Structures are given as structure tokens and as C-alpha cells.
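Here the structure is laid out as C-alpha cells; the discussion comes afterwards.
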Amino acid sequence: MTKNPTLNSSWISDWRPEDEAFWNATGKSIARRNLIWSIVAEHIGFSVWLIWSIVTTKLPQAGFHYTTDQLFQLVAVPGLIGAFMRFPYTFAVTTFGGRNWTIFSAAILFIPTLSLAYFVSQPDTPFWLMLLVASTAGLGGGNFASSMTNISFFFPDRMKGWALGLNAAGGNIGVSSVQLLTPILMTLAVFNLFQATPVDGIFLQNAGLMWVLPIGIAVFGAVFFMNNLATAKSSVKNQLAIVKRKHTWIMAYLYIGTFGSFIGYSAAFPLLLKTQFPTVTISIAFLGPLVGSLSRPLGGWLADRVGGSIITFWNFILMAGATVGALYFVGHKDFAGFLSMFLILFVTTGIGNGSTYRMIPSIFREENLFKVRGKGDAARSAALKTASIESGAAVGFIGAVGAVGGYLIPSGFGKSIAMTGGPQLALAIYLGFYGSCLALTWWFYLRRSPQGEGAPSLAEARV
């Protein structure tokens, strides 16, 4: 007989997604409701995180006298802060509850949006202060880690690839939202609450103010429609066990290659277009993050059916090929070719995001089940619960490390342009990095070789 979840102040104490009867009777609807509002909050978090990717392209026009390298730093620093914020956000869900943390993490986004709205109307703002204001946008980057950790507990293992892919895509597409809508709304005086004088018809404050109402909606939805799972409670000490796991660090490295590339290229792309193809409108920049976001569920779907490691391996080959193409076309100042290569890059970052995230729970499941092989059903059940806790923590931790790409890529482009006059040096370095990711994927997850007594065959398991 299947019990209904016991609700106490939005806490669910009985949660068994692997129990098919429970899932069909009760779990599915609750999980989907939490997924929907998780996507809403994460979408806004990503939007806030990438606000400066557009704002920086308009600062010179608005009277701010910053160098090109300084503009790239304003784009890059939210990525670095967002990466750091993901570490505490990862462990917050199992400490405070997924619903509770979503409320807090959404409400705190008023800080970067309102501070941006004020300071971009002050052209005499020194660079160090503007860099500090831009860094607060990194708060939006932390949302991804807590959101993904939270959703990983709601769904059965067979659906994690789909659920995590959909959750991530809904968040990732926030990058497209901010890059599509911000240039449009900056031309409208209706949101000009600070009554600053526009420069060439641009109201930069609107870039922050446009998100105030959506943030309020996200907080409302989290309060009234999301739940905390008592079964997801775990001490930080137990979760930190993942730091000692070899595969945590390997997957984090691979995730820099996939998600780090997505968020890094998303942040840098508008300013990169502005510097390399000055006659091209930056409004077209939203296409990259859009196709990257939409392809993420495809990566998770393919990984569920074929195996995450196989998809990840071939995906890095495509990423390397597109990078070579981008190098060629930027050198010849061929905008159509350059845009095509970057759109392919964005698509592959999305597919790779989905496939690598599907690998994480599979790896931790196989490793924990291997430890209790032949010890009975009780031991197996305990191992699966441990795997769920560890993979939830790993999802957030790996996402935090991967987000460093949000700083490294824009910063790399800025330094490359300052040193050589173009982005080719940075692209060549990124190409070498993708080669190392390709080698690691094959060595640890596809190479069929005799395993030691204490390790499962991850290649055989098709993680």
C-alpha cells in the first residue's frame, strides 16, 4: 500500500521516487510542480548573472571611459563570483531545504538588479566600484547549483537525465532572455525610475529594473508551490565525502569544457562581436545562448539512451572542430563563417552539458553499488540512498567548478585582444583544453581495460 507524502509546513517526509506505485500516484505531480518553479527561479538567476554581457557594450556610449580589457573584466567577474557562490549553494539545499533556499536565493537577486540600475546612471563611477557592482550579479550564478541539487532528489534515476536537462535548459535560456530583451527595453523610458538623462536614447537602468517584477513572481511561486524534502537532509560533512572521490574532480574538469564554455562564451560573445565586427548589431548575440540552451535537454535525452560518456566524447570532437573553424574565420574577418562556427560551439556546449550531467549520478550509483555487491537487498538499498545524496552534492559541486569558465573565457579574450590585437590566442588555448577533455573522457569512461578489485568497470556500465 502506497502512503501519501506527509506534509508539515511544506516539508515532505515520505519521498520514494524509485517506488513506481508511489511515483505514479503522488510523486510525479509534486516533482513536476517543483521542477516548473525551480526553472522559473533559475531562469531569472541566469538572466541576472549575464546582465553585464549586454550592459558593458553600451557603457562607452553612456559616457563611461573604460578600456576594452576593463570592459571584459566587468563581463568576467560575475562568472567568477557565481562559481564561488555555487559551493555554499550546493550544500544549502540539504541543510535548509530546497523550497526555503529557492525563496532566499531568488529574493537576494534584488541586490544586483537595483544596484546596477543606480550606478549605470552615474558616468563618473570609478572602475573599481563598478567592478564591485558587477560582481553582485554573481549571486544569480549560485542558483544553478542549488536548483540542480534540489531537483536531483525529486526524480527517479531513470528520469534524472531528462529532468536535470530540462531544469538546466530552462535556466540556461535566461542568458538568451537577457541578451534579447535588454537591448530592446533599454530604449524605453517607461522603466526609468531614477530619472537619469538618456544618452543617445539609451536607458541603461532598465537592464536592472526589468527583472524586479519577475524576481517577485519567482519568490511568490517558491513560497506557495515548492516543497522541501526531509529525505534530502544530510550533513555537510557527509556530502563533503565527494571531494575525496577521484571522479568528482575528473567530471568537474570536463564540465569546465561544457558548461564553462557555455557560460563563458555567452558572457563574452556580445563584446567579442562588438570588438571584432563593429558594424554588426549585438542583438544577434542572443542566438548563441538560445541554441545552447535548447540543445541541453537533447544531450540529456541522448545520454539516457546511448550513454553519457559516449555522447560527451564525440561532443568534444565537434567542439574542437568548431573552435578550429572560429579561428579561421575570425582571422579572415568573415562574419557569416564566424557566427556559424560559434553557433555550432554553442549547440555542442548544450549537448555536452546534458551528457556530462547525466554521467554524474550514473558514476556514483555504479561506485556505491560495487561496494555492496553480493551483500543483499538492504545493503543495496542503503547504497542507492548514499549514491543519491552523493550525486546530488556532486552535481552542485561540479557545477560550481565548471562555472569558473564564466570568468576564464571572457578574461582570456580580453587578455588576448590586449596582447595580440585579436582573440586567436585565446581560441587556440581553448582548443588545446578541449583536446585534454577528449582524452580524459576516453581514458576513464570509455577505455575497456581490466579494473582493479576495488573499482567498477565504468566503461561496461556505459555511464
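Numbers here are sequence positions counted from 1. Computed from a predicted structure; not experimentally measured.
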Exercise. Relative to each other, are the rings of F262 and F259 parallel, tilted or perpendicular (30° and 60° limits)?
Worked result: tilted
Problem set entry | Test log, rule ring-ring contact (aromatic ring centres under 6.0 Å, His included), inputs W37 and F220 | CA-CA 10 Å; W37 285 101; F220 176 87; 7.3 Å; no
For this session: Go through the structure and list residues passing side chain to side chain contact (heavy atoms under 4.5 Å, CB included) with P126, not counting sequence neighbours.
Result: W128, L129
Exercise. Can Q179 and S53 be counted as having a side-chain donor-acceptor contact under 3.5 angstrom?
Worked result: yes
For this session: May I ask you to decide if G98's main-chain N or O and N228's side chain share a donor-acceptor pair within less than 3.5 Å?
Result: yes
Problem set entry | With sequence neighbours excluded, residues passing ring-ring contact (aromatic ring centres under 6.0 Å, His included) with W49 | F46
Exercise. So, does T67 use its side chain to make a donor-acceptor pair with the main chain of Q70 at under 3.5 Å?
Worked result: yes
For this session: Just jot down the side chain to side chain contact (heavy atoms under 4.5 Å, CB included) partners of F96, sequence neighbours excluded, or say none.
Result: A92, W101
Using a 3.5 Å cut-off and no angle test, enumerate the donor-acceptor pairs between side-chain atoms of residues 168-175 and protein atoms at least two apart in sequence or in another chain.
from	atom 1	to	atom 2	distance (Å)
N172	OD1	R296	NH1	3.4
N172	ND2	A168	O	3.2

Exercise. Can you list the residues that meet the side chain to side chain contact (heavy atoms under 4.5 Å, CB included) rule with V291, with sequence neighbours excluded?
Worked result: L343, F346, V347
Problem set entry | Test item: side-chain donor near acceptor, S147 and Y89, under 3.5 Å | no
Throw together a table of side-chain donor-acceptor distances under 3.5 angstrom for residues 403-412, partners on residues two or more places apart or in other chains.
from	atom 1	to	atom 2	distance (Å)
S411	OG	Q73	NE2	3.4

